[in-house]
Amino acid sequence: MMLEVDALTTRYGALTALHDASLRVDAGEVVALVGPNGAGKTTLLASVVGLLQPSSGTIRFAGTTITGNDPAANLAAGLALVPERRRIFKDLTVAENLRLAGNTVAKSLRKPRMEQMAELFPVLREKWDVSAGYLSGGQAQQLAVARALMSEPKLLLLDEPCLGLSPTMVDVIFELIDTLRAQGRTILVVEQQAQRVLTIADRGYVLRTGEIVAEGAGPDLAGRPDLFEAYVGGSS
Amino acid sequence: MTDVVQNLIDGLGAGSTYALLAVGVSMLFGVMHLVNFAHGELLTVGAYVIYGMRSNGISWLAVIPVAIASAVVLSMLIELVAFRRVRSASAFTLLLTSFAIEILSHAAWRIGVSSTPRRYEAPQIAFKVVEVGPFNIEVWDVISIAVAVACFAGTAIMLRTTMFGLAVRAASEDFDAARLMGVKANRVISGAFAFAGLLAGIAGALWLVRRGQADPRMGAEPLLKAVIAAIIGGLGSLPGAVVGGLSLGVAEVFFRSWLPSDLQGLTDSAVFVVIAVLFVVRPQGLFDVETAERV
Amino acid sequence: MTGTTASAATAPSRPTAPASMRRLALASLVANLVLLLVVFAGGRLYASFGSSARDLLVVDLLVNLVLVLGFQVFIGNTGVLSFGHLGIASVGAYTMALLAVPADRKAVLIPNAPWGIPEIELHPFVASLIAIGVGVLVALLLGLVAARTSGLAATMITLAFLAIVRQVAENRKDLTGGAQNLSSIPRLDGWSWALVGAAIAVTVAVLFRSSRTGRLAVATREDELAAGAMGIEVFSPRLIAFVVGGAVVTLGGVLRVQSLGSIGPSQFSFEFTILILAMLVVGGMRTVTGAIVGTVFITVGKEVTRFLGDGPDFLGFRWPVIDGLPDLFLAGSLLVVLLTRPAGLLGEFDLGAWLRRRVRGSTSPSGDSSAVTEDEVAPVPASTTGALRTDGLGVTFGGFIAVDEVTMRVEPGTIHGLIGPNGAGKTTFVNLLTGLVTPTEGTVHLGELELNGAPYRRARAGISRTFQNLRVFPALSVRENVAVVDLVAHAHRSHREGVGVDRLLVLAGLAELAERPASTLDYGNQRRLEIARAAALRPDYLLLDEPTSGMSSAESLEMVGHVRRVATAIGAGVLVIDHDLGFITNICDRITVLDQGAVLAEGTPDEIQRDPRVIEAYLGSGHG
């Protein structure tokens with residue numbers, strides 16, 4: 001088992017954003033985490049990588065407990081997050097963004113890795129020495145993914161990679177997920193477009209108001225009525 | 001016309017010290033939103049190191065590197081002992097903490113040494129004047145400007161090429177995103193304090209060689225100027241800090257030459273008034289720094 | 001400040017909250033004056049065992065307390081740091097000295113002073129009053145400049161002002177005597193005048209805190225953005241606090257030079273400012289009790305360390321002479337407090353409020369609001385302002401169209417839903433309506449009135465809001481969160497009938513928690529408090545931004561009933577933004593769906609639920 005989250009609870013002040021959430025990701029899987037806005041998806045990912053401190057529960061990664069570790073330690077262990085809204089460094093060039101992202105890997109590996117990223121994302125090569133602030137939304141998202149891949153993570157966490165992208169760019173991102181899967185990478189993806197992401201995922205979880213309310217094989221879950229209910233609310 | 005050029009040279013000499021300090025102030029503001037009024041104390045420690053070593057007859061060539069190193073060490077020490085504990089506190093608390101450190105330092109020097117100034121002899125080169133055409137050029141001014149320019153260039157290269165430089169720029173823009181890239185918060189902040197300390201140490205050395213004395217409160221005034229320079233340039237903007245520092249130095253010299261002799265003492269006031277007007281017209285400073293604050 | 005009495009005369013139906021506020025102010029005033037007397041008595045006792053230097057120490061403490069309270073009025077109530085107030089005090093003190101120093105002395109000290117000053121010789125009391133007037137004027141001018149800029153720049157301008165005053169005093173030798181002190185100021189002897197001065201300062205500080213302006217200033221301190229959304233404008237309460245603080249420090253400055261008998265440029269220095277600020281910060285800047293305790297703490301500490309630093313024979317051996325020990329104590333205690341208790345030793349503690357809670361706690365546990373029950377809440381007449389509508393409203397951020405020509409209409413008295421997936425532009429749309437974001441195209445109308453300008457103007461025009469990420473005023477009591485907005489309603493929404501603070505609290509189920517600080521409430525209660533606060537503005541429309549965010553299904557269902565009750569009670573229409581389709585369809589009369597910044601669909605809940613486009617936008621299509 002690659003990632004195992006057990007009964008994780010995270011609070012922001014008075015708000016319990018995540019309540020006793022448990023999930024697992026096995027090596028080589030693409031796992032989708034879906035749920036309505038405000039369900040706690042981003043909180044879960046941020047707690048896993050250590051940007052937020054959970055108030056209870058445990059996180060195990062590749063057999064070791066990593067609860068409470070800081071993001072740098074988790075990255076070194078092989079956990080990389082592509083954050084919501086991309087958060088690329090706009091004042092740095094594309095190349096500088098990538099070089100910084102490679103700060104945890106051996107110096108000799110940096111150049112070849114950057115070259116790999118340029119192969120994988122030809123758009124980035126075109127904008128290599130341009131400030132990242134000038135990239136379009138789709139280009140910026142590709143840079144954000146490339147940045148995370150620079151550390152050659154064992155598990156890639158994607159938070160809303162299609163947010164604010166045009167339909168064609170959304171297609172590109174979904175193709176990218178396919179490509180990464182074909183390379184044998186393990187991915188946990190949070191996505192707004194629930195049905196679409198579930199159809200390509202091996203397994204999926206539905207999160208609602210901080211709790212996991214459904215789980216199962218991706219395509220099955222996509223067709224199940226409780227998914228729809230999670231979005232429109234069980235209260236009607 | 002010769003007056004204008006002469007003033008410009010004098011002003012750049014003074015302004016380069018402000019600018020070196022201002023770059024450090026601005027960098028610290030970028031990474032942790034702190035306006036560090038304790039930064040001036042790095043000049044004070046340098047001065048006492050110079051006094052201590054010179055009174056034991058040690059060569060200036062050995063004294064200056066040690067003085068600069070002492071500023072670096074003190075800067076890192078202040079971060080470790082004080083600012084690390086209030087890193088996520090409000091700007092208000094951060095600002096007052098830096099003032100508390102400043103007066104703590106004043107008191108420590110008074111108790112540890114004395115409140116009366118300690119004098120040391122300046123080397124001859126500090127006051128050497130060369131006549132070039134119609135201009136009287138102080139050699140030390142030229143050295144100061146040259147060293148400062150080298151420091152600015154070095155800083156620019158450091159920020160572009162080194163991993164630490166990239167981390168500082170990234171952390172200034174979005175600290176959490178930088179942490180996601182594996183940048184260690186403690187390391188980048190501590191490094192920024194060290195680098196700011198280095199620039200302050202160099203600024204101090206340039207200033208102190210001529211000053212000839214060490215006293216507990218000496219750091220306050222140049223630091224105030226540096227903070228004002230950093231604010232003129234837009235806090236967080238390093239090119240802004242350089243421009244702010246140089247223009248403050250030049251403005252002071254020009255005001256001094258324009259004001260009638262009985263109002264010479266009001267130079268600072270006149271400069272402050274001009275700056276206040278500037279703030280009212282352009283509250284964000286000369287250089288806009290994009291902040292990541294969202295509703 | 002005078003507006004309070006004027007509006008009281010024209011509006012006969014004052015709500016009950018100010019009455020309880022007035023009692024609280026009275027309790028605080030009495031308690032803090034008693035505390036002052038206790039401090040004074042302690043000081044006199046200490047002085048009676050020692051030399052006349054100890055008399056001076058007591059006077060010094062009282063005069064410093066006046067200065068500390070002057071800073072407290074501004075910094076404590078607005079949360080903005082000022083270094084400039086001693087500059088104001090300095091100008092006032094020089095004014096007093098120039099007017100009151102005997103003419104024969106001035107002929108020697110400053111024979112060339114302009115404006116006929118050498119001939120003037122006023123009674124010290126008259127001179128002091130004029131000086132305070134000058135202090136107020138200077139504070140007003142400086143405040144106008146500082147308030148034009150944002151936080152840090154404002155602080156730096158006040159710091160620059162302090163430096164300027166000193167330089168001018170040093171250089172205008174004809175007027176001030178320069179670095180040679182201007183002496184022969186008529187001196188005040190004894191100590192009773194200092195006690196009176198401190199009592200005046202305590203009174204002003206307590207009354208300001210409980211005044212209309214003081215309460216509005218505190219709301220802006222707690223959350224500037226939320227205050228604006230509740231119709232509170234930031235500029236004038238801050239400016240008034242700056243000026244009142246300026247008047248109090250000028251009083252302190254005038255008393256100080258009369259106790260010393262002379263004044264010089266370095267008297268109101270930056271170092272002295274730090275001493276006064278340390279007294280304020282160490283004790284706790286938010287309450288008068290904190291200011292008193294801080295002043296005593298630092299004064300006593302400095303006295304003790306001065307004694308030890310002088311190298312006394314004490315506890316059986318001779319201590320070394322340590323010059324600067326009091327400064328070390330000052331800096332050390334400031335630093336320790338900032339690192340461990342940034343809110344000061346006392347934090348929010350006010351002696352009067354504490355005693356009142358103790359007394360009331362044993363007599364009537366639920367307070368005034370126990371008289372009101374939910375049954376008595378009769379709805380007020382509904383708003384007759386007309387529809388809230390947008391026409392082609394849109395905004396573009398650097399080429400990205402966040403909101404794309406949205407035209408929609410919310411009918412009065414209805415509950416209208418706005419939904420859409422993450423990134424659809426809902427939040428930006430709310431920001432456009434409330435004025436946090438300026439549109440690049442289109443208009444917003446409330447009835448016949450076009451809404452534009454800053455958020456506080458739009459709030460006063462009739463739309464109040466809640467926030468997705470809770471933004472209550474954390475340090476204020478639950479009641480005060482609502483009551484301070486009720487103040488705004490009295491001034492700007494008096495054409496609408498109000499429900500009253502107590503009834504709003506009952507409606508929100510918060511009556512029992514009314515005296516608790518809002519930050520201690522749990523999540524659901526904070527949400528309901530935000531709605532009660534927004535309702536207190538007597539809006540024509542309530543804007544609820546994701547009111548069920550972070551709530552379970554059961555809590556959401558409860559929220560449905562709650563929003564309906566509040567809307568009916570205050571007679572307002574509601575625009576509710578939410579991602580929760582279940583909540584929205586339960587509560588709304590009509591629904592608008594946003595996707596990619598544009599209106600995707602509009603209709604009744606039934607129509608929306610059946611619309612395949614909506615389902616696709618929400619769940620993402622299976623294509624590809």
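As a basis for the values below, the full set of heavy atoms in this structure was taken, side chains included, without hydrogen atoms, waters or symmetry mates. Residue numbers begin at 1 in each chain, while the letters A, B, ... track the order of the sequences.
The part of C:Val80 that comes within reach of chain B is its backbone (N, CA, C, O), which places non-hydrogen atoms under 4.5 angstrom from that chain. For chain B, the nearby part of C:Glu271 is the side chain; its heavy atoms alone come within less than 4.5 Å. Only the side chain of C:Ile322 comes within contact range of chain B, judged by heavy atoms closer than 4.5 Å. Using a 4.5 Å cut-off between heavy atoms, C:Ile274 touches chain B through its side chain atoms alone. Contact annotation for B:Thr267: only backbone heavy atoms (N, CA, C, O) come within less than 4.5 Å of a heavy atom of chain C. Heavy atoms of B:Val277 lying under 4.5 Å from chain C are absent altogether. Both the backbone and the side chain of C:Leu328 come within contact range of chain B, each with at least one heavy atom under 4.5 Å from a heavy atom of that chain. Of the two parts of B:Leu95, only the side chain, counted from C-beta on, holds a non-hydrogen atom closer than 4.5 Å to a non-hydrogen atom of chain C. Contacts between C:Val281 and chain B at a heavy-atom distance below 4.5 Å involve the side chain alone, from C-beta outward. Interface remark: B:Val81 contributes backbone atoms only to the contact with chain C (heavy atom separation under 4.5 Å).
Pairing each heavy atom of C:Met156 with each of B:Ile231, the nearest pair is CG-CD1, 3.1 Å. For the residue pair C:Ala163 and B:Phe272, the shortest heavy atom distance occurs at CB-CE1, 3.6 Å. Nearest heavy-atom pair across B:Leu104 and C:Gly332 is CD1-N, 3.8 Å.
For the atom pair CD1 of B:Ile101 and CG of C:Leu335, the computed distance is 5.5 Å after rounding to the nearest 0.5 Å. From C:Ile75, atom CD1 reaches atom CG of B:Leu96 across 8.0 Å, with rounding to the nearest 0.5 Å.
For the pair B:Leu224/C:Leu159, a side-chain contact is recorded, criterion being any heavy-atom separation below 4.5 Å from C-beta on. Here the side chains of C:Leu338 and B:Val86 are not in contact, with every heavy-atom distance at 4.5 Å or above. Under the 4.5 Å side-chain criterion, counting only non-hydrogen atoms from C-beta, C:Phe270 is not in contact with B:Arg217. The shortest side-chain heavy-atom distance between B:His106 and C:Asp327 does not fall under the 4.5 Å cut-off.
Of all the listed residues (B:Ser269, B:Pro216, B:Ala107, B:Ala100), the one sharing the greatest number of non-hydrogen pairs under 4.5 Å with chain C is B:Ser269.
Evaluated for a side chain to side chain contact (heavy atoms under 4.5 Å, CB included) with C:Ile164, the options B:Val273, B:Asp268, B:Val271 yield exactly one hit, B:Val273.
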